Structures are given as C-alpha cells and as structure tokens.
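So that the names make sense, note that chain A is the first sequence line, chain B the second, and so on, each numbered from 1. Every value quoted in this text rests on a predicted model; they were computed, and no experiment measured them.
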Amino acid sequence: MSAFTPKSDLLHTLEQRGFIHQCSDFAGLDAKAASGDLVAYVGYDCTGPSLHVGHLISIMMLHWLQKTGGKPITLMGGGTTRVGDPSGKDASRPLATLEQIESNKNSIRKVFSQFLTFGDGRHDAIQPDNAEWLAKLNYIDFLRDVGRHFSVNRMLSMDSVKLRLEREQELSFIEFNYMCLQAYDFVELNKRYGCTLQMGGSDQWGNIVTGVDLGRRLGTGQLYALTTPLLTTASGAKMGKTAQGAVWLNADMLSAYDYWQFWRNTEDADVVRFLKLITLLPLDEIARLGALGGSEINEAKKILATEATALIHGREAAQAAANTAQQTFEAGTLAQDLPRVEIPASQLREGFGILAAFVKAGLVASTSEARRQIKGGGLRVNDAVQSDENAALTPRDLLPEGVIKLSLGRKKHVLLRCAD
RNA sequence: GGAGGAGUGUCCCGAGUGGCAAAGGGGGCGGACUGUAAAUCCGCUGGCUACGCCUUCGUAGGUUCGAGUCCUACCUCCUCCA
C-alpha cells in the first residue's frame with residue numbers, strides 16, 4: 001500500500017489524510033475511483049439516538065468521496081440492528097425494540113446532511129435502510145441462495161468471533177448471522193445502486209471482506225473493501241466516550257461548547273492527525289499548524305476545535321464556543337454563554353446548600369460525590385475553592401452579572417441563575 | 001440427560017478466612033506540576049436527612065448473634081460424558 005501511488009483524487013486524498021488502514025485491492029479500487037462512477041457505502045447501526053465522534057472518520061470519508069466525484073450511500077442498519085453486531089463487545093447487547101430502532105434511525109439521520117449533499121442526482125448521497133430488504137427475507141430462500149456461500153470455518157477465524165470464543169463468552173446464533181446479513185447488504189446495494197465499495201472502521205474488515213467474497217460468488221462483479229484506523233488517542237485510548245457519556249454528534253445531545261472543549265483537549269501528539277481526519281482544512285495549512293512548537297500548539301488545537309465544531313454545529317456556534325472558552329480560560333472573565341442552570345429565587349434567599357447546588361448544576365452525580373470533591377479541593381464557587389461542605393449559597397454570592405459560577409476542577413463550569 | 005467448574009462493588013478485570021462497604025489492578029474524577037497537552041506524583045472512586053443509617057457479591061429461601069463466604073432450590077455460562 002505504501003509503495004502504491006494512487007491516481008484517483010479519492011484515494012490520493014484519503015491516503016494523504018490518513019484515512020486508509022486496509023484495502024482489498026488498492027490498484028483496482030484506484031482505477032474504479034478514477035473512472036468517476038464509484039458508489040460506496042458505510043453502514044451505521046441504530047443502537048443509539050446519535051452517532052458519536054468514533055463515527056466521524058467514516059462520515060468524513062464519505063464526504064471526500066462525494067467531493068471527488070463519487071456517490072455516497074449511508075446505509076441505516078434498521079434491519080441489522082434488530083440482530084446485533086458481535087464486533088468485540090464483551091456482553092451481548094440487549095436487543096433494541098423496533099420502536100427504539102426506528103426512533104434512533106430518525107435521530108441519527110440528521111447528522112449526515114451536514115457533511116453530504118443528498119438528492120436524486122448522479123452524485124447525490126442516498127440513505128437507504130437495510131430493513132427494506134432484510135425484513136422481508138425468507139429464511140429458506142436466504143439459506144438456499146446466500147447461506148450456502150458462507151464458510152463457518154472462516155467465520156470462526158474472524159477476530160470478532162474468535163475473541164468471544166477464546167474468552168468463553170456468549171455468542172448467540174443471531175449475532176453470528178450478523179456478518180451474513182452485512183455481506184448480503186453489500187450485494188444488495190450493488191444490485192440496486194451499483195455500489196462496489198464498502199468502507200468502515202478497521203474492526204469491520206472481516207465483515208466487509210465477507211461481503212466482497214459473497215459478491216464474487218453471486219456474480220456482482222468486483223467489489224472492494226476499504227477500512228480506516230479506529231479513532232484512538234496517541235496514548236491508545238478509544239475516542240468517543242467520556243465520563244459523562246459518549247461524545248455525541250447530534251447537536252441536541254451535546255452542546256457546541258462541550259463539543260468544542262472535547263477537541264480543544266486533544267493530546268499534542270494527535271493534533272495533526274485529527275486535523276487531517278476530521279476537518280476540511282487544506283494539507284498545507286495543517287502542515288503549518290503542525291510545525292508549531294511547544295505551547296504554540298494550543299493555537300492549532302483551537303483551530304481544530306473550531307473547525308470540527310463548525311462542521312456539525314455551524315460556523316457561528318463554533319465561533320461562539322471559541323469565544324466562551326477564550327473568556328473563561330484566557331481572559332479570566334465571566335462568559336455568559338457557559339452552561340446554565342436555574343433555581344427559584346426563594347431557594348437562594350433561604351440559603352442553597354452548596355452540595356445540593358453542585359448536584360443541581362450536574363457537575364457531580366450525588367451529594368456524596370460533592371463531599372468528596374470538596375475534600376479533594378475540586379469545587380469552586382465564583383472561582384474560590386470551597387472547603388466547607390455545610391456552606392450555603394445566598395444572594396450575596398451573586399456576581400454583578402446575576403449568576404453564581406460553579407466549577408468542578410479547572411475545566412467544567414456552570415452558571416447558577418435565579419428564575420424569576 | 002449425567003459429572004465437574006463458574007457467576008463479586010450496574011465501567012472492566014479480579015482477590016476474598018463466617019464479622020465486609022468487601023484486597024489489588026485498569027479506567028474515570030479531583031489535586032500538584034504545566035500549555036485547558038503528555039508523562040510523573042498524590043487523593044478519591046455505593047447512597048443518604050451522615051461521627052450514624054440504608055443498599056450491594058447470579059435469583060429466591062434457610063442455618064447463624066452475624067453470610068460474598070455454609071445449606072437448599074432455581075437461572076445463566078463453561079468443560080467433559082451421553
């Protein structure tokens with residue numbers, strides 16, 4: 001792969017930006033992409049109400065695909081989610097109900113329009129749901145026409161399955177069938193839309209190649225597999241989850257400010273890699289940012305955060321988040337745009353217990369945790385460290401702006417405000 | 001169907017002798033150092049109306065002053081046999 005110099009704009013771009021982990025046939029795919037009628041898809045589970053930052057890489061790939069003249073398909077896994085993906089999860093996921101899946105699907109859908117142009121044109125993105133064909137499959141027909149092409153021996157050797165077997169963990173039959181359905185999807189998308197490439201994270205390699213294989217046996221013509229590295233930090237931690245939960249892409253599930261903060265806190269070693277993967281900045285600009293030494297790299301992190309946030313929350317919200325951060329962390333002034341929580345004015349007049357206040361603000365999960373944080377010096381009111389867990393907030397704590405600033409650690413702030 | 005083994009703090013792994021809010025990791029959070037970074041060091045990591053009370057060790061009972069630890073039944077998983 002490294003020896004190969006891609007001719008197509010697509011592979012050229014993907015390679016330069018660090019998207020490529022494995023490819024089933026680099027040269028073949030390159031030729032196909034260069035021909036200008038490449039249709040490719042990525043499948044998305046409907047297990048949650050929103051995608052998270054871990055999904056971002058594949059979405060960006062679809063974006064570049066469209067930009068370089070290809071047609072992207074975002075396949076909603078409305079059908080496969082009814083079965084469950086065995087990819088390395090420790091426990092079998094509880095199966096989602098049909099209503100949940102439907103609701104998740106509609107919620108997930110929203111995010112793609114920020115990255116892709118949908119429509120009926122030749123290069124417009126489309127968004128089918130594999131329930132359209134999987135739900136009406138007839139078991140006998142499926143076994144006869146498709147099932148006989150799958151080798152159990154091979155499936156057993158796949159990491160996702162092998163791991164579960166080695167660790168003596170539950171692997172149910174329906175989960176086992178997941179890859180068969182995913183392979184079938186690929187073939188079906190080929191028939192319906194001329195799709196010849198499936199992309200995904202490196203953990204999907206086995207599933208994707210199974211689809212390529214099935215296509216060959218069923219006579220689809222050559223199919224291709226392309227995987228990306230999983231989004232991890234330089235220290236090896238998986239991205240996408242924080243203590244508060246996943247870093248959601250949907251704007252209604254994670255604020256622009258929090259999203260901006262997430263990327264602002266990127267490790268030094270990851271900045272350039274992330275700029276390439278999740279922003280649209282030109283490579284020479286990224287190279288310039290990457291050359292910044294020492295603490296100057298913070299400038300690059302701010303740009304990373306703002307560009308990333310602009311993609312899903314809009315330029316204006318991203319800039320607002322940047323401004324809020326600038327005021328809070330650099331100017332040391334009160335940023336009115338910090339997250340807010342309201343309490344009744346009467347409650348403040350009576351004295352609002354400090355522990356309850358932090359719980360109310362959502363900065364700690366329980367009063368016990370608030371107590372612990374006070375012992376550890378982690379709670380501040382109006383930037384003053386608190387040491388008395390019996391203290392109460394009163395109207396005297398109100399800043400001139402009419403709010404009380406509560407902080408957990410150095411980074412998390414909430415403004416407490418009286419409701420009228 | 002038979003024999004044996006296993007299920008531990010709702011993030012994960014994992015010790016556990018009848019006195020256990022339960023060893024030790026990882027992860028996470030907080031503090032120090034910094035640059036809202038990494039590395040390192042320190043603290044914390046069930047809940048509450050909090051020097052006490054309540055809920056936790058697959059589920060439900062039982063023995064006991066007292067059970068994660070003993071007994072019974074049940075559920076789930078693993079291994080060997082049929």
Which nucleotide, in any strand shown, forms a Watson-Crick or G-U wobble pair with [N], with both distances under 3.5 Å?
N     : answer
B:A39 : none
B:C77 : B:G5
B:C44 : B:G28
B:U72 : B:A60
B:A67 : none
B:A22 : none
B:U17 : none

[atom1] atoms of [N] and [M], separation to the nearest Å:
N     : M     : atom1 : answer
B:A39 : B:C29 : P     : 12 Å
B:U63 : B:U72 : C1'   : 11 Å
B:G19 : B:C70 : C1'   : 15 Å
B:C81 : B:C65 : P     : 46 Å
B:G2  : B:A21 : P     : 39 Å
B:A67 : B:A60 : C1'   : 15 Å
B:U56 : B:G43 : C1'   : 24 Å
B:U45 : B:A22 : P     : 10 Å

What I want to find out is whether [X] reaches [Y] closely enough, with some N-O distance under 4.0 Å, to be called a salt bridge.
X        : Y        : answer
A:Glu369 : A:Arg372 : no
A:Asp213 : A:Arg217 : yes
A:Glu307 : A:Arg315 : yes

Quiz prompt | Stepwise ring-ring contact (aromatic ring centres under 6.0 Å, His included) test for A:His413 and A:Phe329 | solution = CA-CA 11 Å; A:His413 311 282; A:Phe329 292 99; 5.7 Å; yes
Self-check item: Nearest-neighbour nucleotide for the A:Leu408 side chain, B:G30, B:A37, B:U36 considered
Solution: B:G30
Quiz item: Considering only B:U36, B:C29, B:G35, which nucleotide approaches the side chain of A:Gln373 most closely?
Solution: B:C29
Exercise. Test A:Leu10 against A:Lys67 for side-chain contact (heavy atoms from CB on, under 4.5 Å), laying out the working first.
Key: CA-CA 8 Å; A:Leu10 175 65; A:Lys67 205 158 184 177; over 6 Å; no
Between [N] atom [atom2] and [X] atom [atom1], what is the distance in whole Å?
X        : N     : atom1 : atom2 : result
A:Tyr259 : B:U36 : OH    : C1'   : 18 Å
A:Phe329 : B:U36 : CZ    : C1'   : 5 Å
A:Asn265 : B:C29 : CG    : P     : 10 Å
A:Tyr257 : B:U36 : OH    : C1'   : 9 Å
A:Asn390 : B:A50 : CG    : P     : 9 Å
A:Lys411 : B:U34 : NZ    : C1'   : 11 Å
A:Glu267 : B:U40 : CD    : C1'   : 15 Å
A:His413 : B:G30 : NE2   : C1'   : 14 Å

Quiz item: What is the distance from atom CG of A:Leu348 to atom CD1 of A:Ile343, rounded to the nearest 0.5 Å?
Solution: 4.5 Å
Quiz item: In terms of side-chain heavy atoms, does A:Asp185 have a donor or acceptor partner in A:Thr80 at a distance below 3.5 Å?
Solution: no
Self-check item: Residues that A:Lys276 engages under side-chain hydrogen bond (donor to acceptor under 3.5 Å, both in side chains), provided they are two or more places apart
Solution: none
Quiz item: Does the side-chain contact (heavy atoms from CB on, under 4.5 Å) test come out yes or no for A:Arg109 and A:Thr74, once each step is laid out?
Solution: CA-CA 9 Å; A:Arg109 283 199 139 119; A:Thr74 58; over 6 Å; no
Practice problem: Name the nucleic acid region contacted by A:Glu330, choosing base, sugar-phosphate or nothing; use a 4.0 angstrom heavy-atom cut-off, strictly under. | Solution: nothing
Quiz item: For A:Ile297, which contact category applies under a 4.0 Å heavy-atom criterion: base, sugar-phosphate, or nothing?
Solution: base
Self-check item: Short side-chain N/O contact from A:Arg410 to OP1 or OP2 of B:G35, under 4.0 Å
Solution: no
Quiz item: Taking for each residue the nucleotide of RNA chain B with the nearest heavy atom, is it A:Gly376 or A:Glu389 whose nucleotide lies nearer the 5' end?
Solution: A:Gly376
Practice problem: Report the residue (A:Trp260 or A:Leu379) whose heavy-atom-nearest nucleotide on RNA chain B is the more 5′ of the two. | Solution: A:Leu379
Quiz prompt | Min side-chain heavy-atom separation A:Leu14-A:Thr68 under 4.5 Å | solution = no
Practice problem: Kindly state which residues belonging to residues 300-308 of chain A come within less than 4.0 angstrom of RNA chain B, counting heavy atoms of the residue only, listed by number. | Solution: A:Lys301
Self-check item: Under 3.5 Å: donor-acceptor pair, side chain of A:Asp337, backbone of A:Thr324
Solution: no
Quiz prompt | Assigned glycosidic conformation for B:C77 [threshold 90° from 0] | solution = anti
Quiz item: In terms of ring plane angle, is the pair A:Trp263 and A:Tyr259 parallel, tilted or perpendicular, where the classes change at 30° and 60°?
Solution: perpendicular
Quiz item: Nucleotide by nucleotide, 5' to 3', does protein get under 4.0 Å of the base (B), only the sugar-phosphate (S), or neither (-) in nucleotides 44-49 of chain B, counting heavy atoms?
Solution: SS-SBS
